[in-house]
Amino acid sequence: MPNEDQHLNRLDTVFSKARINARLYPSAKLNTGDGTAEIILDIADSYHHGMGAVHGSVYFKMLDDAAYFAANSAVTDFFLVTTSFNIHMLRAVSSGRITAKG
């Protein structure tokens, strides 16, 4: 069984090698800890919907990945999946950097 550092390094590798992240979210960076994960993404114009703000799919992907990698940083003997997820929007984002924490 891998030690904690090896396990977290593997999670970081899984995130960085995922084709969707490499192609659509190249600026996304994952930082994992024991039971925590943080994903930072620089907003690009390509993430905008027709009204000029970030599309909801970007928020969902970031939050889902942060929750997934936080849970998987603490669990090593099972493969976890998301079965339900709700997002309540406070304000739309159109530029800058966003951070998702799990």
Side-chain angles (χ1 to χ4, degrees):
M1 183 160 265
N3 68 35
E4 182 179 346
D5 287 339
Q6 290 171 324
H7 179 65
L8 296 178
N9 287 337
R10 287 180 184 170
L11 292 176
D12 291 343
T13 299
V14 166
F15 180 83
S16 66
K17 287 191 174 186
R19 289 182 186 159
I20 189 168
N21 294 332
R23 290 182 184 171
L24 298 180
Y25 306 103
S27 73
K29 302 292 181 232
L30 169 68
N31 299 307
T32 54
D34 185 23
T36 66
E38 177 181 81
I39 301 173
I40 300 168
L41 178 71
D42 293 323
I43 299 302
D45 289 345
S46 60
Y47 303 151
H48 292 177
H49 56 53
M51 297 296 291
V54 172
H55 191 277
S57 63
V58 177
Y59 302 122
F60 175 81
K61 167 99 168 68
M62 297 248 333
L63 291 167
D64 181 51
D65 281 357
Y68 173 83
F69 284 99
N72 272 287
S73 71
V75 175
T76 60
D77 54 344
F78 291 97
F79 180 76
L80 304 175
V81 296
T82 303
T83 59
S84 179
F85 207 100
N86 293 302
I87 299 173
H88 300 274
M89 303 294 292
L90 298 176
R91 177 174 65 91
V93 174
S94 59
S95 64
R97 177 177 282 172
I98 56 177
T99 302
K101 295 182 180 185

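Everything numeric in this text was worked out from a predicted model, so none of it was measured.
- When all heavy atoms of His48 and Ser94 are compared, the closest pair comes out as NE2-O, 2.7 Å.
- Atom-to-atom distance recorded for Gln6:CD and Thr13:OG1 is 11.5 Å, nearest 0.5 angstrom.
- Across all their heavy atoms, Val54 and His49 have their closest contact at O-CD2, 3.7 Å.
- Between the NZ atom of Lys101 and the CD1 atom of Ile40 there is a distance of 8.5 Å, given to the nearest 0.5 Å.
- Counting non-hydrogen atoms of neighbouring residues, nucleotides and ligands closer than 6.0 angstrom, the CE atom of Met51 reaches no more than 12 such neighbours.
- From Asn31, atom CG reaches atom CG of Asp12 across 7.0 Å, with rounding to the nearest 0.5 Å.
- No side-chain heavy atom of Asn21 sits under 4.5 Å from any side-chain heavy atom of Leu30.
- Across every non-hydrogen atom of Asp42 and Ser27, the tightest pair is N-OG, 3.1 Å.
- Here the closest non-hydrogen pair linking Ser95 and Val93 is O-CG1, 3.6 Å.
- One N or O on the side chain of Asn72 and one on the backbone of Tyr68 form a donor-acceptor pair closer than 3.5 Å.
- Residue Leu90 is not grouped with residue Ile43 when hydrophobic side chains (ILVMFWY) are merged at heavy-atom distances under 4.5 angstrom, including chains of intermediate members.
- Two residues are said to be in side-chain contact when any heavy atoms from C-beta on lie closer than 4.5 Å; Phe15 and Thr32 fail this criterion.
- Side chains of Thr76 and Glu4 form no contact here, defined as non-hydrogen atoms less than 4.5 Å apart.
- Without hydrogens or angle criteria, Ser73 side chain to Gly35 main chain gives a donor-acceptor distance under 3.5 Å.
- For the side chain to side chain contact (heavy atoms under 4.5 Å, CB included) test with Phe69, the passing option among Val14, Leu80, Asp64 is Val14; the others fail.
- By the 30° and 60° cut-offs, the orientation of the rings of Tyr47 relative to Tyr25 is tilted.
- Taking every heavy atom of both residues into account, Glu38 and Thr99 meet most closely at CG-CG2, 3.5 Å.
- If you take CG on Leu11 and CG on Asp65, they are separated by 11.5 Å, rounding to the nearest 0.5 Å.
- Closest non-hydrogen pair, Lys61 versus Ile20, comes out as CE-CG2, 3.7 Å.
- Within a 6.0 Å radius of CZ in Phe85, more than 12 heavy atoms belonging to other residues, nucleotides or ligands are found.
- Interatomic distance, CG of Leu8 versus OG1 of Thr36, reported as 8.0 Å (0.5 Å rounding).
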